[in-house]
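Below is one structure, written out as structure tokens; comments come after it.
Chain identifiers are assigned alphabetically (A, B, ...) following the order of the sequence lines, protein sequences preceding nucleic acid strands; residue numbering begins at 1 within each chain. The structure presented is a predicted model; accordingly, all values stated were derived computationally and were not measured.
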Protein chains: 2
Amino acid sequence: MLRNMSLRHAALGLLVEMDGASGYDLLKMFEITMGNVWQATQSQLYGELNRLTADGFIEVASEGPRGRKEYRVTDAGLGELRHWLLEVPPKIVRRDEILLRLFFLGQVEPDEAAGFVREQAAALDARLVALGELEGAIDWGEDNLSFYGRLAMEYGKRSMAMRREWYDWVLKELAERDTPEKR
Amino acid sequence: MLRNMSLRHAALGLLVEMDGASGYDLLKMFEITMGNVWQATQSQLYGELNRLTADGFIEVASEGPRGRKEYRVTDAGLGELRHWLLEVPPKIVRRDEILLRLFFLGQVEPDEAAGFVREQAAALDARLVALGELEGAIDWGEDNLSFYGRLAMEYGKRSMAMRREWYDWVLKELAERDTPEKR
DNA sequence: GAGGTACATGTCTGTTGTGACATGTCAAAC
DNA sequence: GTTTGACATGTCACAACAGACATGTACCTC
């Protein structure tokens with residue numbers, strides 16, 4: 001039974017970087033720091049925190065108002081994180097809904113196909129703007145999360161720019177196929 | 001209950017392009033044509049084919065040796081595919097295990113972090129070679145799957161090249177952080 | 001002091017995805 | 001003739017994920 005459990009390690013890692021936090025804190029941090037890299041729902045996260053506690057990788061450091069539980073990573077947890085980081089090969093999951101649709105665009109009219117691509121390009125432009133805003137809104141410090149977060153941000157920007165160019169290239173290819181003046 | 005069900009439409013679309021096929025054929029086609037875009041296990045696919053049949057989107061055109069069932073897409077199935085293609089907004093799932101690990105590389109020694117990045121870069125190089133081989137091995141025809149598959153292939157190549165460059169940039173940034181000679 | 005909002009945790013149901021296993025047929029090679 | 005390998009379908013258990021619902025507390029403002 002090979003389990004990968006990235007959410008578990010994402011929570012563990014974030015907890016280390018935050019130097020302890022509650023589930024609620026963690027959930028917010030998830031969204032702002034790595035919403036573009038990994039997503040987690042509330043029910044997933046709370047469940048995982050309980051499992052991590054049961055496994056001894058984290059512990060409740062203190063309890064606060066409103067039933068708040070401040071979690072802290074144990075030594076075993078730190079070891080588990082390092083092990084996962086360096087010794088567990090990352091599983092590459094390729095799953096792209098837009099690319100999947102591309103395969104079947106031959107099933108609709110050429111102008112509908114081009115319209116689809118143009119729509120995706122416009123949506124991408126909007127996300128590019130949002131990413132720029134996020135970058136401006138973040139208070140980039142000298143801590144690890146800031147440093148590595150900036151590297152991830154750069155990846156996001158490059159990735160989107162590449163995709164944008166590819167959309168334009170696709171539109172050109174579609175137009176050429178539609179008007180076959182070759183030879 | 002909003003369901004997206006991309007696998008369902010991937011199977012439907014591939015069945016249209018293949019002009020009918022068995023589950024076994026479909027599974028092989030999945031791997032070679034869009035293994036880089038969408039993955040499907042055998043148990044998922046066979047189950048989905050039965051559900052698609054129950055919903056009237058596909059039907060068993062004929063039965064062959066070894067219990068083989070040749071499936072064919074119905075008019076309703078074709079309608080469903082077109083509807084999904086143009087009217088259901090694609091769900092963008094961002095989940096990148098390598099990028100996730102990047103966030104926590106501050107937890108290991110600088111040389112271990114750089115080693116990790118170099119390993120990923122090497123693995124990427126290997127996949128780039130494999131992609132080139134795949135491209136050479138495919139018999140690119142004039143059909144829709146060939147045309148759109150070529151566009152997807154171009155995306156894959158650009159994506160990998162971009163990522164490769166980013167890895168090098170990350171290594172440069174890591175080296176700079178390690179030796180802070182600035183000012 | 002009443003009301004709203006942010007804080008805070010948890011459960012439940014259903015869907016999707018994975019890996020292992022079970023079962024059997026047909027064709028070709030030996 | 002038997003064995004091997006490709007063909008072919010299916011089930012089962014479990015893990016991962018999503019969304020809705022349930023429940024309550026603390027703090028701030030009016």
Side-chain angles (χ1 to χ4, degrees), chain A residues 1-12 15 18 20-32 34-35 37-55 58 60-71 88 91-97 100, chain B residues 1-12 15 18 20-32 34-35 37-55 58 60-71 88 91-97 100:
Chain A
M1 214 74 59
L2 278 170
R3 283 175 299 174
N4 201 278
M5 298 190 293
S6 296
L7 172 69
R8 147 161 285 198
H9 297 101
L12 206 49
L15 218 42
M18 291 171 78
S22 68
Y24 191 84
D25 295 337
L26 220 43
L27 197 63
K28 278 188 305 172
M29 202 62 171
F30 244 93
E31 278 160 25
I32 53 172
M34 33 194 225
V37 162
W38 207 266
Q39 288 139 308
T41 57
Q42 181 252 36
S43 56
Q44 247 184 305
L45 190 54
Y46 278 112
E48 196 57 57
L49 285 173
N50 287 332
R51 256 168 278 140
L52 279 165
T53 308
D55 291 346
I58 62 176
V60 178
S62 68
E63 305 207 8
R66 280 165 295 216
R68 176 191 171 93
K69 290 185 218 161
E70 180 109 6
Y71 290 100
V88 181
K91 196 170 120 204
I92 292 154
V93 177
R94 273 162 299 209
R95 219 155 240 188
D96 191 319
E97 260 207 36
L100 177 63
Chain B
M1 215 73 62
L2 276 170
R3 283 174 301 172
N4 200 280
M5 297 190 293
S6 296
L7 172 69
R8 149 160 282 197
H9 298 101
L12 206 51
L15 219 42
M18 289 171 79
S22 69
Y24 190 85
D25 295 337
L26 220 42
L27 197 63
K28 277 188 306 173
M29 201 62 171
F30 245 92
E31 278 160 26
I32 54 173
M34 31 194 226
V37 162
W38 207 267
Q39 287 140 310
T41 57
Q42 178 250 38
S43 54
Q44 245 185 308
L45 191 54
Y46 279 112
E48 197 57 58
L49 285 173
N50 287 333
R51 259 168 275 138
L52 279 165
T53 309
D55 291 345
I58 62 176
V60 178
S62 68
E63 306 206 8
R66 281 164 292 215
R68 176 191 171 94
K69 291 185 216 161
E70 178 111 5
Y71 290 100
V88 180
K91 193 170 120 204
I92 292 154
V93 177
R94 274 162 299 206
R95 218 154 241 188
D96 190 318
E97 259 204 38
L100 176 64

Study note, to complete from the structure: Closest to the 5' end of DNA chain D, once A:Gly67 and B:Lys69 are matched to their nearest nucleotides, is B:Lys69
Exercise for review: Please report, rounded to the nearest Å, how far the P atom of C:dC26 is from the CD atom of B:Glu63.
Suggested key: 13 Å
Review point. Looking only at N and O atoms, is any donor in the side chain of A:Gln42 or the base of C:dG10 less than 3.5 Å from an acceptor on the other one?
Key: yes
Check your understanding: Are A:Gln44 and D:dA18 close enough that a side-chain N or O sits under 4.0 Å from OP1 or OP2?
Key -> yes
Review point. Is any side-chain nitrogen or oxygen of B:Arg95 closer than 4.0 Å to OP1 or OP2 of D:dC17?
Key: yes
Exercise for review: Between C:dA8, C:dG19, D:dC17, spot the one nearest the side chain of A:Tyr46, thanks.
Suggested key: C:dA8
Check your understanding: Rounded to whole angstroms, how far apart are NE2 on B:His9 and C1' on C:dT16?
Key -> 15 Å
Revision key, fill the gap. From CD of A:Glu70 across to C1' of C:dA8 the rounded distance in Å is 13 Å
Exercise for review: When you get a sec, tell me which of C:dG10, C:dG24, C:dT18 is the closest nucleotide to the side chain of B:Arg66?
Suggested key: C:dG24
Exercise for review: May I have the step-by-step check of side chain to side chain contact (heavy atoms under 4.5 Å, CB included) for B:Trp38 and A:Glu97, ending in yes or no?
Suggested key: CA-CA 8 Å; B:Trp38 207 267; A:Glu97 260 207 36; 4.0 Å; yes
Exercise for review: Could you check which of C:dG10, D:dC17, C:dT16 has an atom nearest any side-chain atom of A:Asn50?
Suggested key: C:dG10
Study note, to complete from the structure: Heavy-atom nearest pair, A:Leu100 first then B:Ala10, reads CD1-CB, 3.7 Å
Exercise for review: Between D:dT9, D:dC7, D:dA26, spot the one nearest the side chain of B:Lys28, thanks.
Suggested key: D:dC7
Check your understanding: Should B:Asn50 and B:Thr53 be marked as a side chain to side chain donor-acceptor pair (under 3.5 Å) after you check the CA-CA gap, both sets of side-chain angles, and the distance that decides it?
Key -> CA-CA 5 Å; B:Asn50 287 333; B:Thr53 309; 5.1 Å; no
Exercise for review: Starting from C1' on C:dG17, measure out to CD on B:Glu48 and report it in whole angstrom.
Suggested key: 11 Å
Exercise for review: Could you check how far CG of B:Leu27 sits from P of D:dT9, rounded to whole Å?
Suggested key: 10 Å
Review point. Should A:Arg51 and A:Glu48 count as an ion pair when the cut-off is N to O under 4.0 Å?
Key: yes
Exercise for review: From the options C:dG17, D:dC17, D:dA8, select the nucleotide whose nearest atom is closest to the side chain of B:Trp38.
Suggested key: C:dG17
Practice item. Choose from C:dG10, D:dG10, C:dA8 the nucleotide whose nearest atom is closest to any side-chain atom of B:Tyr71. Key: D:dG10
Check your understanding: When all nucleic acid strands are considered with a 4.0 Å heavy-atom cut-off, which category describes A:Ser22: base, sugar-phosphate, or nothing?
Key -> sugar-phosphate
Exercise for review: Rounded to the nearest angstrom, tell me the gap between atom CZ in B:Arg51 and atom C1' in C:dG17.
Suggested key: 11 Å
Practice item. Report the distance from atom OH of A:Tyr24 to atom C1' of D:dA26, rounded to the nearest whole Å. Key: 12 Å
Review point. Is it true that a side-chain atom of A:Arg95 and a backbone atom of B:Gln39 form a donor plus acceptor pair closer than 3.5 Å?
Key: yes
Check your understanding: Looking at C:dG10, does its base get a donor-acceptor pair with the side chain of A:Ser43 below 3.5 Å?
Key -> no
**Study point:** Between P of D:dA8 and CG of B:Leu26, the distance in whole Å
**Key:** 12 Å
